[in-house]
Amino acid sequence: MVFSLFANMDALSIWTQGCSPEYPFRTGMNRTMNHHFHIPKEIEFLLQKIESSDRKAYIVGGALRDFIMGRKNCNDFDVATDASPQEIISLFPHVIPTGIKHGTVTVLLGNFQVEVTTFRIEKGYSDGRHPDSVSFVSDIEDDLSRRDFTMNAMAYNHAAGQIIDPFNGQDDIRNRCIRCVGDPAQRFGEDGLRPMRAVRFAAQLGFQMEPATLAAIPACLASFAAVSRERVRDEFEKLLMGEWALEGLRLLESTGLLEAIIPEMMPCRNCSQKGTHVFDVMDHSFHAVAAAPFQVNLRWAALLHDIGKPASMATGPDGIPTFYNHEKISAQLAGQILRRLKLSNDDIRDIVHLIEEHMFHYTEEWSDAAVRRFIARVGTENIDDLFDLRMADSAAIQDLMPDQRNLEQLRLRIDRLIANDGAFGLKDLAVNGNDLLSIGVPKGPLMGKVLDALLETVLDDPEQNNRQTLMNIAHNFMLRLGIETSSGS
Ligand code: ATP
Ligand code: MG
């Protein structure tokens, strides 16, 4: 089935996501070929180049979906073609053979990295993860039939202004509906990642799942368990960054996928917090994700910041539960979970640090030295993120706007102290390890101890951060240990 394209971008652009189940996409109202999606010139060049060697080239996948929805600024283009990977390699100077066995190469053009895949079908999925074999085919409709959801199984020919839409993906987009191509149980059984993809699309697009597609998920969790953790992580991060992340997380839980990915979170459901909290720990965590800025490490921290609460729960004298030290248990569990999901060591370190530090209790009585110690512990580079996490945390306590005055006051003091004093870490001290070495402080743990003592001094009183004073202090420190240094002055 081939539809001519109607793509009046002005009409499309008045549709705003999430406000209406309908948007003014009018399939068939205008069957002329003179309306084209606006695509970057690099992509146009790529399509023309392939077509000029008598091959077909279509935009497929997320870019086409986004065009149809009127979403702009798409940078991630997938192209389907009947040209072989070798032909594509010979047509363009910069091509990376990213998945050549499966027919995919990546063409580098200006700032774009375009995945170009030869039309193919897939057969046999005995491991529930990969096809046993792929065969190249000459027909785009065959290629579209192997794709996961109807909204992803369309192809756009730019030169002709045509959308090929054999599974009525445009109707499903109009109805905001995620529907498998073919039988959901079979399609989910072939590749266990697809249910997770369905949920992340719900979180990104705010679409509902078609009932049969949704109902098929719980029965295919065994195939999901076989999927590589890197693929699960990538989809999870897209879900966390979705505009409908809250709904996506709820869907993840209700389908059983959350338990399969992060079983450690399950005790958070029905872990009631009483006091000012209106949500249990699970919903509180979901709301915290939705309230956090769109930055993936912050969203991980928001999701996992209270995961240690169930394990640390005790009942206080007034009957209200207490969660002493939960941030330590949360940090430890988060490290374990994020290592399992194969995040990078740097990301894990940053997320775990935010979680560990999220429970500060500021009062006006904090001295400047106390605020400086807080800054030094958190690290000046992490202050913004920690405050963002804390605001997301308090926004997820009740359905009311939280009172942030206390946090704002601390923030003002931090900014003032950073502007005035500027010494919050060893690197900011007026002396360094070499200076201490030069007076005879040996390298190793003792050197670390002396530097820590100097930093403590400077956090207490920034006036002391000059070379002369710090060298004297180091000299006296060593003397107290019975070690003579060459000179403290
Ligand atoms: P995104 O905006 O995240 O890039 P996308 O739909 O383009 O979304 P990709 O992972 O880039 O997703 O995949 C491109 C296309 O390849 C999809 O639209 C879909 O047609 C097909 N596809 C990707 N993964 C699968 C899968 N696991 N099973 C079936 N088809 C898939
Ligand atoms: Mg894509």
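All values reported here derive from a predicted model rather than from experimental measurement. Every number for a ligand or one of its atoms is a count from 1 in the order of the listing.
Residues E51 and N157 form a side-chain contact, since some pair of their non-hydrogen atoms from C-beta on lies under 4.5 Å apart.
Note on R176 versus E247: no salt bridge recorded, every NZ/NE/NH1/NH2 to OD/OE distance being 4.0 Å or above. The pair E230-R233 fails the salt-bridge criterion, with no side-chain N (NZ, NE, NH1 or NH2) lying under 4.0 Å from an Asp/Glu carboxylate O. Comment: D148 does not engage R187 in a salt bridge, judged by the lack of any side-chain N to carboxylate O separation of less than 4.0 angstrom.
Here the protein contributes D78 OD2 as N, O or S atoms under 2.8 Å from the Mg ion (ligand 2).
Checked against the 6.0 Å centroid threshold, H94 and F92 do not count as a close aromatic pair.
The contact set between ligand 1 and D191, taken as ligand atoms under 4.0 Å from a residue heavy atom, comprises 26 (C), 27 (N). Heavy-atom contacts of R65 reach the following atoms of ligand 1: 2 (O), 5 (P), 6 (O), 8 (O) (cutoff under 4.0 Å). Below 4.0 Å from some heavy atom of R146 lie the following atoms of ligand 1, by number and element: 29 (C).
The proximity of F77 to ligand 1, defined as any non-hydrogen pair under 4.0 Å, does not occur for either the backbone or the side chain. Using a 4.0 Å cut-off between heavy atoms, R200 contacts ligand 1 through its side chain alone, with no backbone atom that close. When heavy-atom distances to ligand 1 are checked against a 4.0 Å cut-off, D148 comes that close through both its backbone and its side chain. When heavy-atom distances to ligand 1 are checked against a 4.0 Å cut-off, D78 comes that close only through its side chain, counted from C-beta outward.
Atom 4 (O) of ligand 1 has D76 OD2, 2.9 Å as its closest protein atom, hydrogens excluded (heavy atom only). At the shortest separation from atom 5 (P) of ligand 1 among protein heavy atoms lies G62 N, 3.6 Å. Atom 21 (C) of ligand 1 has as its closest protein heavy atom R147 NH1, 3.6 Å. Of the protein's heavy atoms, R194 NE, 2.7 Å lies nearest to atom 28 (N) of ligand 1.
The two atoms that bring F323 and S272 nearest to each other are CZ-O, 4.1 Å, heavy atoms only.
For the pairing with H305, the side chain to side chain donor-acceptor pair (under 3.5 Å) check across H326, H284, H358 returns one residue only, H284.
At least one donor-acceptor pair closer than 3.5 Å links the side chain of R299 to the backbone N or O of A292. Judged purely by atom type and a 3.5 angstrom limit, D82 uses its side chain to pair as donor or acceptor with the backbone of K56.
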(Q) Could you walk me through whether S84 and E87 satisfy the side-chain hydrogen bond (donor to acceptor under 3.5 Å, both in side chains) test, starting with their C-alpha distance in whole Å, then the side-chain angles of each, then the deciding distance to 0.1 Å, before giving a yes or no? (A) CA-CA 5 Å; S84 69; E87 285 175 272; 3.3 Å; yes

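Where the criterion is an N or O separation shorter than 3.5 Å, residue side chain and backbone included, R187 fails it with respect to ligand 1.
Cation-pi geometry between R390 and F360 is satisfied (NZ or CZ under 6.0 Å from the ring centre, within 45° of the ring normal). The cationic group of R340 does not satisfy the cation-pi geometry with F236, failing either the under 6.0 Å distance to the six-membered ring centre or the 45° limit from the ring axis.
With atom 24 (N) of ligand 1 as the reference point, the heavy atom nearest to it among Q204, K238, R197 is part of R197.
Using a 4.0 Å heavy-atom cutoff, F201 is listed among the residues neighbouring ligand 1.
No more than 12 heavy atoms of other residues, nucleotides or ligands shown are found within 6.0 angstrom of CZ on R229.
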